[in-house]
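A quick write-up on the structure given underneath.
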Amino acid sequence: MDAVRVRFAPSPTGYLHIGGARTALYDWLLARKTGGQFILRIEDTDRNRFVPDAVDDIKASLRWMGLTWDEGPEAGGTAGPYFQSERLDLYQKYAEELVQAGKAYYCFCSPERLAEMRKKQEEAKAASGYDRHCRELSPEEIEEHRAAGEPYVIRFKVPRTGKTKVRDELRGEMVFDHGTLDDFVILKSDGYPTYHLASVVDDHLMGISHVIRGEEWIISLPRHFLLYEAFGWQPPTFVHLPIFLSPDGKGKLSKRHGATGVREFKEKGYLPEALVNFLLLLGWHPSTDEEVFTLEEAAEAFSVERISTSPVSFSLDKLDWYNGIYLRRLSHEELAQRCLPFLQKDGLLPDPCPPERFAYLVRLMPLIQERIKLLSEISQAVGYFLQEEIEPPEPALIIGKKGTPEETVTILQETVAVIEALTDFGEENLEQTLRALADRLALKPGRVFMPIRVAVTGQAATPGLFELLAALGKQKVLNRLQQAITVLRKG
RNA sequence: GGUCCCAUCGUCUAGGGGUUAGGACACCGCCCUUUCACGGCGGCGGCAGGGGUUCGAAUCCCCUUGGGACUACCA
């Protein structure tokens, strides 16, 4: 088998979309699995929809996911340039070649005429498509138009009869009748190629062995096969990935359905490991029941044959679960590192963060690692440790469902007393002391612990009380206990 | 409208002639427990419908239905 060369070819018309990210992932995986090359090619042939910082976002998002490319922007390579806008002469040359060979022709139809034609077709409920108006122009007529400086496009001359047999690796052979195909544009009037021409020319010139792309392209497959045939080139293997449907089941996934850009997932606090794993299983399945894969493990297990063909509803619930899995796999140091930007954004830690404060953050990680599922939840989880003071909690929250204000004040006062006497503020000693206190007051441990918890954290759901108190430190604990007592007395 | 693709729990899916139709997420219950999580155990829940083929269809074929894609000088 020839060397595997796959390419991810996004169009810089927006930020890297989650669907594109999956395509890139499968590309990368196939290259890795086979020891082949992963190429990044920027398809910037639409000058109207071009978004200036889209290329940067695409590169950054790919890198964030760990999908580095062997050839492409910044990486270089011998098959470049990797921006289609820098290959215009190539497309023009090949388009012209087709014209010379009588397989394509100049078309001088104005956008207005085309719009009019389309309108009529719609009204007549006829099949849509170019009416081949310029297909049989005589050389003289063509010269006349060109001499007049009229803009033109180059259209591919689809055979009037016959069928084209195409092949998708997952779906097998499909046959398209030429009668359903129109003479599509391959070179636009601004000298830029359309996707059809550019991708075929580049895939051939770059030695691409497998084209992995979204299912929305399968309808264009016959055009691409026709182009390969016209050039006398061998088509690559095509793999069309199932489309992502919106979670509500209405149409394909789009911006209206919440986060669809890779960067948005990053900002929401998802780990790239989780996103990658989630995307991996959306359209691909191993032969085992395994569900958790690192990028390397996935590269080992991946195979094109196990990609599915049915449309995928893009529902996020499993992503949260994956995020939890990978969050818990991180070392405390690493977790802290990843949480840091979120805490800085919320003003809970300075930027840059002094080493001692970072060390304290690392110290807190074991307390919250099992309790957050998004990095963005870190501020809520750890805020009361990092802030000197907390808002006085609501009396009702301190007292709890079953307690009385009087009893709660007593509990808190007794707690202050025993804690003040403590010299060893370690977890174990704290537990011993407070359990003994509950015993002495003849109360259930929970009855004693809950008011303390709320008093020092302001929250009812927190890490274990003793580890939390130890991490907070004696002074803060005492201050907040006092504050709670004051609040209860006033209320 | 035309062309094409797709069809197993709510979701992602395994299963490709003989299975009590398997797993994961979500949901519910129980256990663990100072709260919340984590974890463990259990439960709920599915082959779109109709015809064939076959001794036997979730599995193969056809039709219907449903969903989706495309229908640009966008990709």
- Task: Can you tell me the pairing partner of B:rU3 across any strand shown, Watson-Crick or G-U wobble, with both distances under 3.5 angstrom?
- Result: B:rA69
- Determine the Euclidean distance between corresponding C1' atoms of B:rU64 and B:rC27; express it in Å to zero decimal places. 34 Å
- Note on the structure: When rounded to whole Å, the CZ to P distance for the pair A:R49 and B:rC73 reads 13 Å
- Would you mind pulling out the nucleotide paired to B:rA24, Watson-Crick or G-U wobble, both distances under 3.5 Å? B:rU11
- Does A:R328 put a side-chain nitrogen or oxygen below 4.0 Å from OP1 or OP2 of B:rC38? no
- Note on the structure: For nucleotides 2-15 of chain B, 5' to 3', base contacts (B), sugar-phosphate-only contacts (S) and non-contacts (-) with protein non-hydrogen atoms under 4.0 Å give -BSSSS--BSBSSS
- With a 4.0 Å cut-off on heavy atoms, is A:C109 in touch with a base, just the backbone sugar-phosphate, or nothing at all? base
- Contact nearer the 5' end of RNA chain B, comparing A:P445 with A:V153: A:P445
- Item | Partner of A:F278 by ring-ring contact (aromatic ring centres under 6.0 Å, His included), out of A:W321, A:F265, A:F314 | A:F314
- Note on the structure: Nearest heavy-atom contact between A:F108 and A:I142 is CZ-O, 4.0 Å
- Query: When all nucleic acid strands are considered with a 4.0 Å heavy-atom cut-off, which category describes A:S199: base, sugar-phosphate, or nothing?
  - Reply: nothing
- Between A:K252 and B:rC70, does any side-chain N or O lie under 4.0 Å from OP1 or OP2? yes
- Task: For B:rC31 and B:rU11, measure between their C1' atoms and round to the nearest Å.
- Result: 28 Å
- Roughly, in whole Å, what's the span from NZ in A:K373 to P in B:rC25? 15 Å
- Compare side-chain N and O positions of A:K188 against OP1 and OP2 of B:rA75 and report whether any pair is under 4.0 Å apart. yes
- Message: Students often get this wrong, so: under 4.0 angstrom with heavy atoms, is A:P151 touching a base, only sugar-phosphate, or nothing?
- Response: nothing
- Query: With sugar-phosphate meaning primed atoms plus P, OP1 and OP2, does A:R447 contact a base, only sugar-phosphate, or nothing at under 4.0 Å between heavy atoms?
  - Reply: nothing
- Task: Output yes when A:R167 and A:E169 qualify as a salt bridge under the 4.0 Å nitrogen-oxygen rule, no when they do not.
- Result: yes
- Message: Contact between A:T294 and A:E273 at the side-chain level, heavy atoms closer than 4.5 Å - yes or no?
- Response: no
- Could you tell me whether A:E122 and A:R118 make a salt bridge, using a distance below 4.0 angstrom between a side-chain N and a carboxylate O? no
- Task: Decide yes or no on side-chain contact (heavy atoms from CB on, under 4.5 Å) for A:K318 and A:L282, but give the supporting numbers first.
- Result: CA-CA 10 Å; A:K318 209 166 187 171; A:L282 240 40; over 6 Å; no
- Could you tell me whether the phosphate oxygens of B:rC38, OP1 or OP2, come under 4.0 Å of any side-chain nitrogen or oxygen in A:R371? no
